[in-house]
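I have placed the structure first, in the form of structure tokens, so that the comments after it can refer back to it.
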Amino acid sequence: MLRVQDLATAYGPVRALDGVDLAAEAGVITAVLGANGAGKTTLLRTVSGLAAPNAGTVTFDGEDITGWAPDRIVRRGLAHVPENGGVITELTVADNLRLGGLWRARADRERTRREVLELFPPLAERLDRQAGTLSGGERQMLAIGRALMSGPRAVILDEPSLGLAPMVTARILRVLRELALTVLLVEQNARGALSVATHGYVLSLGRVVADAPAADLLDNDRLRHAYLGF
Amino acid sequence: MPDFLTLTLGGLTNGAIYAALGLALVIIYRATRVVNFAQPALALLCAYLAYSVNRATGGYWLGLLVALVAGGVLGALTERVLMRPLRRSGELAPVIATLGLLMLLQAVSGMIWSAEPKSFPYAFDFRGAFSPAAVFVVVVVLVTAGAVLALFGATTLGLRMRAAAFKPEVASLVGVKVGLMLTIGWTLAAVVGALAGVLAAPPFLSPTVLDAVFVYALTAAVLGGLENPVGTIIGGFGLGVVLSYVSGYVGPELVTLASLAILVLVLTFRPHGLFGRGVARRV
């Protein structure tokens with residue numbers, strides 16, 4: 001579905017990604033874990049076209065999308081919810097949602113919009129509010145909802161639980177699992193991510209140091225202590 | 001003693017032009033955080049093109065049309081050729097580049113059309129306190145401002161432009177072609193600027209005719225908080241009227257000074273504009 005091969009991305013002399021191989025299988029959640037600075041955000045930025053890789057390939061549904069512009073990648077069905085959601089605080093909730101998937105047919109957009117508002121009822125009550133007035137959890141819902149508006153087949157998410165109460169995190173992760181999309185989930189909250197994921201990778205200093213089913217990662221004490229901090 | 005009504009109406013006419021040129025500045029500032037100091041020179045070049053078309057064909061409207069089209073082309077070219085390569089060069093480089101463009105275009109205009117003032121026609125009869133020509137200026141500017149506001153507020157193109165301005169990276173992630181939005185923004189602004197240039201030109205066009213108008217337009221934009229089209233329109237009309245009173249009751253030689261005084265006062269006491277909210281600005 002989504003496959004990353006031998007991916008390397010550098011910021012100047014700093015190698016943020018150093019030959020990363022991973023795959024996100026269709027219809028399930030794949031977690032990417034690791035400490036701050038492990039390269040998780042860079043991985044997602046490279047996949048979605050925000051950062052240019054120095055080497056390696058990104059393939060999505062069998063198509064090589066390496067180096068494509070972000071707007072082209074999202075139109076092809078791969079949506080990126082950036083760190084902190086990337087909600088545009090100056091716009092209303094309704095306008096933020098409207099921005100997602102503007103290239104799609106009106107009927108499709110309307111249908112998705114109804115689905116998103118059913119999925120996240122707090123958004124339906126706040127459509128006319130400035131997005132800047134939302135709580136952290138509501139912002140994350142809005143960001144995910146906006147990504148869903150593009151009708152994606154795969155979603156990549158950068159720490160959706162950051163700064164959120166555990167209850168809210170659990171709710172968002174549950175929604176993600178129920179959608180049965182292909183999800184690549186980057187998290188520092190390893191326990192929460194592994195509880196919904198089928199497969200997990202652990203990144204450290206830009207390399208994959210573990211690649212195993214989520215249940216195995218949860219059971220592996222050595223790995224948990226060394227990289228996941230719980 | 002000059003007639004209060006005459007001064008007010010005259011001020012509104014001038015203010016409409018400040019508002020239009022100010023609006024051009026605001027459109028670009030909102031999209032790119034750049035104050036386009038080349039705006040008066042772009043407008044000047046368009047006005048000169050209108051003049052040449054006028055001379056060749058005798059038609060005011062064809063000249064206006066040519067000026068607007070030329071404005072759009074120049075705006076798009078400026079963004080693509082000059083501004084885009086500087087996108088990652090910090091905040092100052094693009095501003096300096098617009099200053100360079102200002103000098104270049106003014107010099108080129110002088111080389112082509114000479115520094116000698118050329119007589120430039122009004123659209124309609126300009127005699128009387130509130131002449132058809134004056135009404136035309138005010139109405140055209142109000143309609144243009146309304147159209148720009150409707151574009152930003154009520155269309156998906158406007159929504160995409162705003163998103164690209166507020167958060168370019170996020171906008172690209174939701175499928176907005178950010179570069180295209182910037183080009184459209186510069187095109188739109190330069191068209192509005194060209195309109196202001198043609199409206200400001202009569203009765204005489206010379207390479208420096210827009211310099212003072214630009215100072216007033218910048219003041220109007222600052223009054224509006226640089227990001228607020230409505231505030232800029234109100235600021236432009238208000239400034240036009242105030243400066244008209246200064247000219248009529250105090251003396252015409254003090255108009256530019258009064259405008260600068262207003263600019264300094266606003267920047268000192270209300271740096272986010274008379275209508276702006278208290279958001280800290282980086283400039």
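Throughout, a chain's letter reflects where its sequence line sits, starting with A, and its residues are numbered from 1.
Taking non-hydrogen atoms and a 4.5 Å limit, the residue list of residues 64-74 of chain B in contact with chain A is empty. Scanning residues 144-161 of chain B against chain A with a 4.5 Å non-hydrogen threshold yields Thr156(B), Leu159(B), Arg160(B), sorted by number.
Contact count against chain B (heavy-atom pairs under 4.5 Å) is highest for Ile88(A) among Ile88(A), Asn96(A), Val81(A). Contact tally against chain B (heavy-atom pairs below 4.5 Å) for Thr89(A), Ile73(A), Leu102(A), Leu78(A): the top residue is Leu102(A).
In this structure, the portions of Val174(B) lying under 4.5 Å from any heavy atom of chain A include both its backbone and its side chain. Using a 4.5 Å cut-off between heavy atoms, Arg104(A) makes no contact with chain B at all.
Counting non-hydrogen atoms of neighbouring residues, nucleotides and ligands closer than 6.0 angstrom, the OH atom of Tyr11(A) exceeds 12 such neighbours. Heavy-atom neighbours of Leu180(B) CG from other residues, nucleotides or ligands within 6.0 Å: above the threshold of 12.
Of all the heavy atoms in Val170(B) and Gly86(A), the pair that sits closest is CG1-O, 3.0 Å.
Residues Val176(B) and Asp71(A) have side chains not in contact (no heavy-atom distance under 4.5 Å, counting atoms from C-beta outward). Two residues are said to be in side-chain contact when any heavy atoms from C-beta on lie closer than 4.5 Å; Leu99(A) and Arg162(B) fail this criterion.
The stretch residues 11-32 of chain A participates, sequence neighbours left out, in these salt bridge (Lys or Arg N to Asp or Glu O under 4.0 Å) pairs: Arg15(A)-Asp18(A), Asp18(A)-Arg207(A).
One finds the NZ atom of Lys177(B) at 4.0 Å from the CZ atom of Arg75(A) (value rounded to the nearest 0.5 Å). Summarising the geometry, atom NE2 belonging to His80(A) is positioned 10.0 Å from atom OG belonging to Ser172(B); distances are rounded to the nearest 0.5 Å.
For Asn84(A), the side-chain contact (heavy atoms from CB on, under 4.5 Å) partners at least two apart in sequence or on another chain are Leu162(A).
Remark: side-chain polar atoms of Lys167(B) are paired, donor with acceptor, to backbone N or O of Val87(A) under 3.5 angstrom.
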(request) Walk me through it: do Glu90(A) and Glu227(B) pass the test side-chain contact (heavy atoms from CB on, under 4.5 Å)? (result) CA-CA 12 Å; Glu90(A) 294 89 343; Glu227(B) 299 201 48; over 6 Å; no
